[in-house]
Amino acid sequence: MRTDDERPQNSPETAGAGTTDAEAADASGTGALLDAVCRGLAQLARSAPEPPRRIRLQDGQASVEIEWPDPLPGVAGPVPVVVTGDAEQPDEPMNDLHSFVRAPMVGTFYHASSPDAPPFVRVGDLIEPGQPVGVLEAMKMMNTVTAEVGGRVVELIVSNAQPVEFDQSLIALAPVPVDQEV
Amino acid sequence: MRTDDERPQNSPETAGAGTTDAEAADASGTGALLDAVCRGLAQLARSAPEPPRRIRLQDGQASVEIEWPDPLPGVAGPVPVVVTGDAEQPDEPMNDLHSFVRAPMVGTFYHASSPDAPPFVRVGDLIEPGQPVGVLEAMKMMNTVTAEVGGRVVELIVSNAQPVEFDQSLIALAPVPVDQEV
Amino acid sequence: MVVPLFSTILVANRGEIALRVARACRELGIRVVAVYSSADRDSAVVRFADESVHIGPAPSKDSYLNIPSIVEAARQTGAQAIHPGYGFLSEDPDFAEICEADGIVFIGPPAAVMQQLGDKAEARRVMGEAGLPVLPGSTGALSSAAEAQDLAEQTGYPVILKAVSGGGGRGMTVVREPAALRSAFNETRAHARAVFGDDRLYLERYVDDARHVEVQVLCDRSGSVVHLGERDCSVQRRHQKLVEESPAPNLPARVREAMWDAAVRGARAVGYVGAGTFEFVVTQDHEFYLMEINCRLQVEHPVTELVTGIDIVREQISIAAGEPLSFTQSDVRCHGVALECRVNAEDPARDFAPAPGELVEFVPPGGPFVRVDTHAYPGWRVGPHYDSLLAKTVTWAPDRSQAITRMDRALSEFKVAGPGVRTTLDFLRQTLAHPLFLTAQHTTGLVAASAAPDTPQQEVPEPTR
Amino acid sequence: MVVPLFSTILVANRGEIALRVARACRELGIRVVAVYSSADRDSAVVRFADESVHIGPAPSKDSYLNIPSIVEAARQTGAQAIHPGYGFLSEDPDFAEICEADGIVFIGPPAAVMQQLGDKAEARRVMGEAGLPVLPGSTGALSSAAEAQDLAEQTGYPVILKAVSGGGGRGMTVVREPAALRSAFNETRAHARAVFGDDRLYLERYVDDARHVEVQVLCDRSGSVVHLGERDCSVQRRHQKLVEESPAPNLPARVREAMWDAAVRGARAVGYVGAGTFEFVVTQDHEFYLMEINCRLQVEHPVTELVTGIDIVREQISIAAGEPLSFTQSDVRCHGVALECRVNAEDPARDFAPAPGELVEFVPPGGPFVRVDTHAYPGWRVGPHYDSLLAKTVTWAPDRSQAITRMDRALSEFKVAGPGVRTTLDFLRQTLAHPLFLTAQHTTGLVAASAAPDTPQQEVPEPTR
């Protein structure tokens with residue numbers, strides 16, 4: 001759920017800070033700009049006789065710099081450069097190694113099937129793909145939420161009986177090494 | 001003078017061709033600007049005797065910098081490349097080595113002070129800075145047009161008695177080597 | 001309206017109409033909740049709203065048609081009312097009923113009225129009884145092809161077969177001769193079963209070379225009914241309206257007035273509440289017949305707003321809150337002429353195929369007497385999931401000729417460009433310049449006739465919205 | 001207007017007003033020639049026009065004030081008429097005369113009328129003779145500080161010293177006590193000499209806590225004079241109008257009507273032709289006095305257009321072509337309320353210093369009853385060379401309260417961003433929310449009083465445009 005408080009406004013106060021202003025602009029312009037820059041860069045790098053040593057890309061306060069080590073004498077090979085355009089969704093509380101059980105629709109998420117029942121899962125549990133991990137109530141219908149992939153429960157992100165929106169992360173799972181698999 | 005014929009329209013016919021469409025977008029989009037800059041850069045890099053060591057491109061808050069490794073000792077030194085924000089006006093009929101006498105205002109350009117008089121300059125003439133090269137009539141006032149720099153006349157771009165707008169190139173001058181100076 | 005109406009309204013729609021409704025809420029001091037599918041994360045209404053709820057993935061059936069998600073979103077955000085816009089759930093009586101049962105005000109007519117008028121055969125019957133002119137044809141659903149054949153003999157050909165649960169130009173077939181009736185009956189029934197889950201059909205006389213004229217009504221809960229004049233929507237392509245205007249040009253005052261009266265009588269007959277539209281077919285002889293009644297806001301409502309000065313969405317909200325109409329019929333005065341053009345992201349050169357893509361450039365027209373309703377902005381990616389309406393351009397002028405030249409000016413300065421993006425801007429300008437349109441002699445066959453003059457016109461005067 | 005007016009018009013201006021005029025020409029089927037300085041190569045009007053001529057470098061004096069270049073551009077492009085917009089050459093009688101001498105129609109009043117009304121002391125005299133109320137003061141230019149002192153004793157303090165060739169809030173000083181008069185006289189005279197090349201001054205009684213109300217007139221060549229109602233322009237900052245509205249709120253009908261009559265009488269007295277504005281100061285007791293007459297289109301003309309439905313620029317062109325007015329006074333009906341906010345590229349936090357830069361994001365508001373006049377677009381670079389007006393946002397509603405909430409909504413959705421760019425959007429919203437404005441109790445001192453409540457208000461009720 002996004003509220004207007006999170007969004008920058010065109011007020012003199014917020015516009016006064018360069019970053020907020022630039023962020024407001026980001027919504028539409030910068031993506032295309034970056035795409036164009038990256039394309040141009042790739043062409044440039046290809047057309048030059050040598051691979052680049054350093055690429056620095058700046059937009060407002062954000063900047064990315066890639067530096068390659070000086071080529072060793074005798075070794076010349078080109079260095080592949082991968083620049084991804086889109087940033088990761090910033091609302092993930094966990095790093096990329098985790099996977100998430102997400103809400104399949106809008107509703108209220110419950111850890112257990114009833115107030116008296118034990119929760120479906122607890123932190124530390126190992127779960128299998130397809131295993132029920134909670135219920136989502138929408139319009140008085142209880143919908144079982146299942147995990148698409150297996151893993152170890154590292155966090156119950158959404159507390160019991162909390163409203164959630166579609167695709168919201170409910171439970172964080174860590175991948176399980178092969179020898180530990182259930 | 002620009003006429004609407006030169007500008008792309010959002011018609012299905014012109015929009016139908018991918019390139020025309022992209023040109024239409026060019027009018028405002030930064031992406032297109034960057035493309036152009038990158039193309040220009042690539043040309044520059046190719047035309048220079050040496051590959052560049054560092055290219056820095058800035059547009060507003062965004063900037064990109066590419067640096068290549070230092071060339072090996074004994075091989076020729078780095079060539080500085082300067083990229084300025086504004087591109088050259090693309091409507092110049094001559095290459096960058098020429099300078100131009102430009103119209104100081106809107107009016108009608110005459111090669112001579114009267115129909116019977118000889119022209120101020122002819123192709124091949126060597127002229128000095130400040131020398132009169134034509135007259136510009138505006139509201140029945142005759143204004144003498146003088147050359148700001150000297151050089152050899154290589155082209156009378158605007159024919160006699162032709163209307164011109166401000167800053168229009170009237171006469172192309174080639175620089176004169178030092179030993180040939182008048 | 002000194003009384004606070006609602007403190008929060010959820011807008012259960014997307015695109016330009018979601019923004020349109022959100023704007024009305026904002027002007028009334030009402031908090032706006034937007035809902036969005038994964039494809040609409042960066043949409044204009046999400047940027048505009050006070051709060052937004054992600055309700056589902058891109059496909060409409062899982063997001064904008066997902067009743068549980070939408071109702072839950074309203075609950076979670078404390079919305080007391082839901083505005084459904086047009087399309088999606090706007091004419092779904094079940095949704096209206098669920099809202100009511102949940103204590104959420106559905107901004108639209110009562111579910112029972114929607115149910116009754118959504119059954120096109122039933123609507124035909126009720127309105128016929130109320131004295132509205134309906135085309136000769138069946139009084140209820142047809143039981144067999146044989147019954148259809150008998151009826152067609154009585155009414156005379158051509159006739160049109162329509163699905164009872166259809167509407168908006170879908171589920172209908174024009175039949176021009178007896179030999180074609182049986183197979184048309186079977187095909188239309190199969191189609192209706194597949195698309196609407198209801199294979200009942202009815203039959204009417206079909207009118208060639210007709211105009212489409214509709215009357216806007218507003219009705220409050222206390223039984224006041226006013227009309228806001230009429231709109232001519234005869235410029236259509238395959239039952240999709242392209243250009244709309246108010247008032248209807250080239251229509252005698254007595255015909256116009258008779259249509260207003262018919263709409264008001266019809267609205268009274270069913271106890272209509274809210275904003276509604278009575279769509280009529282008008283023959284070359286200025287006879288008019290009811291086609292259908294739309295229980296929602298129309299895409300083309302701005303033309304009525306510009307000639308009357310009445311904000312229809314504001315009135316919808318006010319009516320839903322139980323307020324009486326703040327004006328009477330005699331307060332409604334129409335000034336000048338308003339014209340709307342729907343600018344779609346479609347490629348006229350490829351049979352109007354949707355032409356989505358990122359809008360690298362998007363500069364809508366402005367200046368005197370031009371209104372633009374759009375959810376697009378530079379950088380917005382027109383997706384393939386929903387309809388291709390990009391912007392409604394509306395112009396006003398003291399007379400029709402000026403409204404047309406003004407529209408041409410506005411469309412000429414509208415800049416839309418991006419990889420893959422095509423629009424109907426130039427097609428619209430060509431249409432406006434057609435001699436039949438300029439002289440208001442056009443019928444719903446105009447676009448088909450212009451595109452292929454030799455093809456016999458087979459346009460059915462019923463658009464989607 | 002069946003007769004072709006002109007085939008080509010040159011627009012001798014820049015920014016939003018050049019585009020506004022170009023739009024009117026386009027709608028009339030007239031070819032548009034834009035002129036531009038080096039700073040305006042990529043301007044909206046250059047993109048819009050049929051043809052464009054580069055007339056000089058960025059500084060106005062060498063481009064938009066460069067008469068020979070502009071006249072030559074008109075000749076080269078075959079323009080039969082020049083529309084000067086506002087500012088720049090629009091009130092220069094010499095320019096009007098040169099155009100006339102060259103066989104080019106100057107779209108504005110005759111040079112002689114501009115000459116007469118441009119002399120503020122002379123305008124005061126002529127209008128006083130015509131029976132218009134003028135403030136007590138001098139009947140012509142003052143010969144000395146001593147004469148000023150005598151006059152001030154007669155009229156009573158405070159008084160205001162004004163340059164005869166001034167106007168638009170420049171070249172004037174308010175004097176509150178006799179001791180300050182002599183030095184004020186000398187300083188104002190020195191200033192007038194330096195700025196206007198004419199050190200003549202005149203003196204009037206000064207009114208504190210006044211409102212600024214102006215009447216729009218249209219006059220054709222055959223002597224028909226109509227007024228289009230009035231505008232209240234009391235929201236000003238240092239004599240610059242920020243918010244304008246029509247009709248003037250909180251003004252008794254008899255006062256309003258008396259002002260209309262005065263303006264019509266004044267226009268008749270000097271044989272006015274074209275669009276003109278009579279600016280009045282209105283006291284707390286609803287007494288009104290003529291301030292000055294503007295012989296051109298005003299920035300704020302859209303508010304009048306929205307309440308009357310009359311396209312003032314179209315009428316200017318028609319009048320200049322010798323057409324009689326197509327309507328009479330009784331045809332002019334005002335509906336509802338229109339409000340205009342000037343969105344400037346200025347930083348309110350830095351005393352409204354111009355804040356130019358590239359507009360990375362520029363999404364103007366839209367939707368119901370919102371008009372935006374702007375030359376800006378995404379990617380446009382707001383330069384430091386000209387005024388900081390970025391966009392005029394105009395809203396219409398049936399009543400003032402709705403027009404204000406609609407304006408607040410529109411300003412709230414206006415997105416302008418870019419490195420270094422600041423706007424007055426939020427400042428305008430704060431101003432609209434001021435209790436004195438909401439209740440229409442405000443005077444020209446509103447902004448100064450809001451900014452610094454303890455500072456004695458010294459606003460002079462005369463804006464630039």
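In what follows, chains are A, B, ... by sequence order, proteins preceding strands, each numbered from 1. A quick note: this is a predicted structure, and the numbers were derived from the prediction, not measured.
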Item to complete: Look at C/Pro57, C/Ser63, C/Ser38 and state which one has the largest set of heavy-atom pairs under 4.5 Å with chain A.
Response: C/Pro57
Discussion item. Just to be sure I understand the criterion: a residue of residues 65-75 of chain C counts if one of its heavy atoms is under 4.5 Å from a heavy atom of chain A. Which ones qualify?
Written reply: C/Asn66, C/Ile67, C/Pro68, C/Ser69, C/Val71, C/Glu72, C/Ala73, C/Arg75
Worksheet item: Has A/Glu148 got more than 12 heavy atoms of other residues, nucleotides or ligands less than 6.0 Å from its CD?
Response: no
Worksheet item: What residues of residues 105-117 of chain A sit under 4.5 Å from chain C when only non-hydrogen atoms are counted?
Response: A/Met105, A/Val106, A/Gly107, A/Thr108
Fill in: Portion of C/Asp62 that has a non-hydrogen atom of chain A nearer than 4.5 angstrom
neither
Discussion item. Please find the pair of heavy atoms, one from C/Ile98 and one from A/Met139, that lie closest to each other, and give the distance.
Written reply: CG2-CE, 3.3 Å
